[in-house]
Structures are given as C-alpha cells and as structure tokens.
Amino acid sequence: MIEYLELTIKNLTYRKMRTFLTLLGIVIGITAIVALVSIGAGMTKSVNAQFDRLGADKIFVASMVAGGGSGEGLRDKDLRRIEKLPGVKAVIPVVTLIAGSEFKGEEKALPITGVPAKEAEKVFSDAQAFRILNGRWIVSGDRKKATIGYNIYNDFYRVKVSVGDKIEIQGNEIEVIGIFADTGDNNQNSRIFMDFDYLREIMNKGDEITSMVVRLDDVSKAEAVSIRIKEALEKNHDTSSFVVLTSEQLVKQITDSFKVIQVVFGGIAAVSLIVGGVGIANTMIMNVLERTKEIGIMKATGARGSHILKMIVVESGIIGLIGGSIGIVIGYLISLGINIAAERFLGANVLTTAVTPALAGFALSFSFVVGIISGVYPAYRASKLDPVVALRS
Amino acid sequence: MTLLKLENVYKTYHMGKVSVPVLKNINLEIKKGEYVSIMGPSGSGKSTMMNLIGALDRPSKGRILLNGTDISKLSDDRLATLRQKMVGFVFQQFNLIPRLTTLENVELPMWFAGLPKRARAKRARDLLIQVGLGDRLTHKSTELSGGQMQRVAIARALANKPEIILADEPTGNLDSKSGAEIARMLDRLNDEGKTIIIVTHDPTLAKIARRIISLKDGEIVDDRIS
Ligand SMILES: Nc1ncnc2c1ncn2[C@@H]1O[C@H](COP(=O)(O)OP(=O)(O)OP(=O)(O)O)[C@@H](O)[C@H]1O
Ligand SMILES: [Mg+2]
C-alpha cells in the first residue's frame, strides 16, 4: 500500500496543472456537501432551540393582511370568539408596528411591539428568553412606559438610552423603565415593548390586532384547537387573511423552507460529484495513455495485471481524497463565514453551523470512493494492455 | 541442461486483413549458461523472438518450453509470474521509469514479486553497487548518462535473480566506451552462470558470445558456435 501511495504522489506531482483541474469538480462537490450539511444541522439546531423556548402549549394566530393576504384583518371580536373556544386557556393579543420616534433630537423609525402590560413579562420572558439588564418589565397600569431591547439601548440612537429617559413616539413622551439584556437575536434586540391598549390608542389602530398567542389547557390538543380556531375565523375572514400555527407547525414551516436550500445545495453537490468523477476518469485515461510505455516496462519487469489495476485505482482514489480534503477545508471556511455573518446580522447563537468530525470523515470517505469508482475503468484498461504493444509505444 | 526450447514456432501479426508473418518455423534450443547473440537485418524478427523467449508474448503456432514449462498457452498472470522469476530484460532505450530514483527502479521488480521493503532496498542497493552506481542511489534517471542508465537497467534485470538475461541491442544507444563497459558486465554475468541472450548489430559485441544465431526474414539462416 505504501508503495502505491509513493508512486501515486510521484505521478500526481508530475502533472500538477492537470491534477489541479481534475480536482476542481470533486472539490466543488465536497465543498457543497460539507457546507450544506453543516448549515442544515445548524439551522435545525437553532430551530429546535427556538421551539424549546416557544413552548409546545401555544398556538399562534397572525393577520396576513399586511403580508399580502386579502380581506379584513384580525379584530377584538375575533379574540373574544377564540377565547370562548374549548381548550383555550387564554388569548394574548399582540400588535406590532413601526412608528416614527425622536430621541435627543434624532428621528428614527422604531419597531414596537404592544402586549397587554399585565401579560408582557409572562408571555415574553418564558417564551423568548428576554432577561432584564436594567430596570424592569412593563406591568399592569404602565401606560406611557416601555421596556426596550438591547440594541435600542446600545446603538440604535447616537446617544445611549438609559432607564428614565424619554423617547417621543407619535407626539407622546414614553418613559423607558427597563432594558433587556442581549437575547442573541438582532430582531428581538431591536424593538421596544409597550402596553397593547395604549399603543393602539396613540397609533389610532382602533381594534386591530396583528397577532395572538393562544395558550392551551392541554398540550396534546394543540392540533384540534388550532383547527377550531381556523374554523371560527373562517366565518368572517378570507382564509388567506390569517394563519393559525401550533408551535410544532411553526417549526415545521421553518424547517421546510430549509429543505429548498438543501435540495439546491444537494443538486449542486450531486452534479459536481458526477462531473468530478467523470473528470477523474478522464484524467486517469489520459494518464494511462501517456504512461502506456511505462506500463509495458512494468509488465516486462514482472508486474501482473492486478498490480497495474491497483496502482491506477489507488492513484484515482488519492485524487478523490485530495479533492475531498480541499473541499472539506473550503466547506469549513464557508460554514465559518456563515457563522460570522449570522452573528453579525442575526445576532449571536441564532445560527451556529458546525463541521463535525463525523461529517469530515464521511466527506473524506465519500470522495475516496468517488475517486476509486472513477478509476476502475481506466485501471482495467491499463491492466489489460498488451506488454509488447505497450513497449513499442 | 536445456533451459529454453522453441519448437516450430511461428509468429504472425494481423493488421486488418493483412497478415504479416514475422517468425517462420523457428526451432532452437538453448542450454543453461549459454551466451547467445542474435544477429540479423532490421525487421528480421529479432525483437519479436526475444519477446517470445521472455514470455512477454505468445507464439501464433508452435511450442516454447521455458525450464520445461510450455508457455505458449499460459494465462496472462501465469506468464507474468514466470517472467518475473525467469527473465530480466535490458532494452536499447534503457526503459527506466523517469520519475523514480535509480534505487526505486531497481526495487520495482522485487515489489511486483512481493519482497518486503527492507529486503528489496538492501538488494537494490547491493546490485547498484555491483554495477558501480553505489553513489547514484537517489538520482532520477534523467540525471544519469546513457551508460549509467543501462547499468541501472542491468541491475533491475538482475533484481529477481532470473535464469536468463535478455538484452535487445543493449549498446545501441551508447558510445563505444560505455558499450564496452556493458559488454564486459554481461560477459561477467555469463561467467557467474547466467544465461545471456543478446540482440546486436555490433560485431565486436556479438563476438563475445559463444554462439551466434542469424535471422533473416523470420527464419534462422545460421546458428554457429564460435
Ligand atoms: N505488434 C506488431 N504489429 C505488427 N507488426 C509488427 C509488430 N511487431 C513487429 N512487427 C513487424 O515484425 C517485423 C519484425 O519486427 P522486429 O521488431 O522483431 O524486428 P527486429 O529484427 O527487432 O528489427 P530491428 O533491428 O529494427 O529492431 C517488422 O516488420 C515489424 O514491422
Ligand atoms: Mg528490434
């Protein structure tokens, strides 16, 4: 085996450019596989973590009117209807919007979430891992007050926002009474939380509701209750004007969207591996042609067909292995890049991809196998060369 | 003791519809320890006969007995094994593998024969010292002169301790001084008991041989012991 390796290395370094071009296909294929699997694993992990945080005992109802649906949005009467359904413990309405704000002379559009003040802490602290850094949550009776996300405090405005400061929203002075610690999610870090009723009042939202969190009596009934909610809403809404999702469905919807990415990546990987394999086979046929005389010499000096066969197959497998190793390194770098980008734009711990030893090992064996398979035919041809004819070439 | 026997051997090449008879009814017996030189004009079938003797090829008709074994009907693998044990080839173009060092070139036949690395390396080194190249072990063949390359080739031919050395115009690409050196080397090997068969156009080299066989148009026209 050592001998085959030695021979291979000599052969490959002899034709550097060709070796490089041959490697390209397999490198791209393995890169795609490594990147794909590590990203897929990272996404699944983060979605599962999110699911754990959401809790399985909730159903989410959201108005889709703003998001392209047609018909009337959700209103208070819908909330009351859902509240009365069997299996429903409580319904918490949420209104999310973006409003003009002014802080220390700086004007900026600010994302705001309105939740009933008395429910705010309960809904968000256990569901989405908000922790107080400074001050406190809004509580029952806190009308012109807000608890703000970490980014709003830190760098949203030119000046840092402190507890006790006032932000002007729609002509109303809102007092900051609390600041959240970094949640690791930039979307959640970049909004402020106010009382539901008060926010609707100052924004002239009437009885509009953006979404609702429905808490259940019994986790195992989530599916049934969600159907009941859907039926209740369909009585006076277009089906396209709202969505009802259990925690489980929500997670599934997200993971399904990953599948599209996976299919695309998988396609790239498959095509490049086929191209890579054909490339290796082609190169090996060229190598064999070029080395016809050498193969003749080897046969004249006592090589059996099986020696030649193994030599070419090992060489081909090594090409695969080298391509695979390069692919793993590039795939790892891509995965690393995605981590850095995700941390920068989505926040820490939102998406953590990882190239595990198992993944690297799999990719390496896979590339070796592709190399070997590609080498079988050229190797067979080489092993069958007539030594007399080969020597005359 | 008869080492090699050709009985009514024919070799015909087929090129499309045309058949080219290259060897016609060759009958020949060579004893162990002989030094035979094959002469003849270009195209008379000398190399073809060498390939048959060296178990590189099979005759179209007739029998070839190498050490008592009929090799005319053996499988490729059996032929390869026999070749490995029985014959060492030396070619006009040296035919070393350029990417390998001299040591590796000499090791190659022993590797095919399944000798372990250390034994191989030791024997290769000894052989190279024997042919006067003890100081060229790690040189690539491209870094050697023609005479040195041919000496490496002789060392390689000896690697698996073959009965017969087959040398097809071994001095054809060499200047007279290197040629004479190679001739002396083959002579010495014959003295040590190796059976030597060479093809040559060089009368001085041919004269060293104790027996000269002349080929013409694929037939033996003369077989003389000097
Ligand atoms: N594989 C082959 N296919 C067809 N014809 C061949 C083949 N090998 C040899 N020949 C023909 O057989 C004849 C004898 O060839 P061979 O090589 O044995 O001659 P030679 O005596 O060694 O000549 P030289 O002195 O030039 O080396 C030539 O006419 C050659 O063209
Ligand atoms: Mg010839």
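Convention: sequence-line order gives letters A, B, ...; per-chain numbering from 1.
Counting non-hydrogen atoms of neighbouring residues, nucleotides and ligands closer than 6.0 angstrom, the OH atom of B:Tyr35 exceeds 12 such neighbours. Heavy atoms of other residues, nucleotides or ligands lying less than 6.0 angstrom from CZ of A:Phe20 number 12 at most.
Only the side chain of B:Leu108 comes within contact range of chain A, with at least one heavy atom under 4.5 Å from a heavy atom of that chain. Only the backbone of B:Leu96 comes within contact range of chain A, judged by heavy atoms closer than 4.5 Å. For B:Phe94, no part lies near chain A; criterion is any non-hydrogen pair under 4.5 Å. Only the side chain of B:Arg120 comes within contact range of chain A, judged by heavy atoms closer than 4.5 Å. At a 4.5 Å heavy-atom cutoff, the contact between B:Arg99 and chain A is made by backbone and side-chain atoms alike. There is no contact between B:Glu107 and chain A, counting heavy-atom distances below 4.5 Å. Both the backbone and the side chain of B:Asp77 come within contact range of chain A, judged by heavy atoms closer than 4.5 Å.
Interatomic distance, CG of B:Asn95 versus CE of A:Met298, reported as 12.0 Å (0.5 Å rounding).
Smallest separation of non-hydrogen atoms from B:Ala80 and A:Ala303: CB-O, 3.8 Å. Closest approach of B:Leu56 to A:Asp386, counting heavy atoms only: O-OD1, 4.5 Å.
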Please test B:Phe89 against A:Ile297 for side chain to side chain contact (heavy atoms under 4.5 Å, CB included), starting from the C-alpha separation and ending with a verdict. CA-CA 9 Å; B:Phe89 279 98; A:Ile297 296 170; over 6 Å; no
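Within residues 63-72 of chain B, no residue has a heavy atom under 4.5 Å from a heavy atom of chain A. Listed by sequence position, the residues of residues 126-143 of chain B in contact with chain A number zero, using a 4.5 angstrom heavy-atom cutoff. Below 4.5 Å, heavy atoms of chain B meet no heavy atom from residues 323-339 of chain A. For residues 153-171 of chain B, the interface with chain A (any heavy-atom pair closer than 4.5 Å) comprises B:Arg156, sorted by residue number.
Inter-residue side-chain proximity for A:Glu294 and B:Pro98 is flagged as met; some heavy-atom pair is nearer than 4.5 Å. Counting heavy atoms from C-beta outward, B:Phe112 and A:Thr301 have side chains that approach closer than 4.5 Å.
Put simply, the side chain of A:Arg304 never gets that close to the backbone of B:Asp76: no donor and acceptor are under 3.5 Å apart.
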